[in-house]
Amino acid sequence: MNGRDVLIDIDTQGAGNIRKHKDEFIRQALADIFIMPPDVNELRRRLTKRGTETAEQIEARLKTAIREMESWAQYRYTIISRTTQEDLDKFLQIMNAERYLSRRLIQK
């Protein structure tokens, strides 16, 4: 709104709620991006490398992630995560492209 980008980090359920919102303006404003690892083994490696969670916590997160990854096709965009810099570059490219959508240039 007013030419400002708003970034929110939400789970798949929250994104689904926005996609179903009764206000079409809100639905149309959404540029949802699903960021997913190349595969589950890479996700396990990344979580383990952090060293912030127990093995049981990692397994629970993996279980949730596998379930959530099934919904990637519901998103307007999907980024297959590589490096932090590559992910950021892809994200910024998406945000820049969204600013040029014809429907965003129409003043209401």
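There is a path of hydrophobic side-chain contacts, each under 4.5 Å, that joins Tyr77 to Leu92. Both Ile26 and Val6 are assigned to one and the same hydrophobic cluster, defined by single-linkage of ILVMFWY side chains at heavy-atom distances under 4.5 Å. Clustering ILVMFWY residues whenever any of their side-chain heavy atoms sit less than 4.5 angstrom apart, transitively, puts Met95 in the very cluster that holds Ile79. Linking ILVMFWY side-chain heavy atoms closer than 4.5 Å, directly or via other members, places Leu30 and Leu7 in two distinct hydrophobic clusters.
Cluster note: Val40 groups with Phe34, Met36, Leu43, Leu47, Ile58, Leu62, Ile66, Met69, Trp72, Tyr75, Ile80 through ILVMFWY side-chain heavy atoms spaced under 4.5 Å, whether in direct contact or through intervening members.
With values rounded to the nearest 0.5 angstrom, Ile8 atom CD1 is found 10.0 Å from Asp32 atom CG. In this structure, CZ on Arg82 lies 13.0 Å from CD1 on Ile35, to the nearest 0.5 angstrom.
The two residues Ser81 and Pro38 come nearest to each other via the heavy atoms O-CD, 3.2 Å.
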task = Check step by step if side chain to side chain contact (heavy atoms under 4.5 Å, CB included) holds for Arg27 and Lys20.
result = CA-CA 7 Å; Arg27 291 192 316 270; Lys20 296 178 206 169; 5.9 Å; no
ask   = Between Asp5 and Arg99, is a side chain to side chain contact (heavy atoms under 4.5 Å, CB included) present by the stated rule, with each step listed?
value = CA-CA 9 Å; Asp5 296 327; Arg99 290 182 186 116; 2.3 Å; yes
inquiry  = For a side chain to side chain contact (heavy atoms under 4.5 Å, CB included) check, start with the C-alpha distance between Ile10 and Asn17, then their side-chain angles and the critical distance, and finish with the verdict.
reply    = CA-CA 10 Å; Ile10 55 176; Asn17 288 339; over 6 Å; no
key: Arg67/Lys63 under side chain to side chain contact (heavy atoms under 4.5 Å, CB included): CA gap, chis, key distance, verdict   = CA-CA 6 Å; Arg67 187 183 72 248; Lys63 187 176 180 180; 5.5 Å; no
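You'll find the side chain of Asp11 stays beyond 4.5 Å of the side chain of Thr64, heavy atoms only. By the 4.5 Å heavy-atom criterion applied to side chains, Glu68 and Gln13 are not counted as neighbours.
Side chain of Arg61 to backbone of Glu53: no donor-acceptor contact under 3.5 angstrom is found. Judged purely by atom type and a 3.5 angstrom limit, Arg76 has no side-chain atom pairing as donor or acceptor with the backbone of Ala31.
With respect to the salt-bridge test (charged N to carboxylate O, under 4.0 angstrom), the residues Arg46 and Glu42 qualify.
For the residue pair Asp89 / Gln85, a side-chain donor-acceptor distance below 3.5 Å is found, with atom types taken as modelled.
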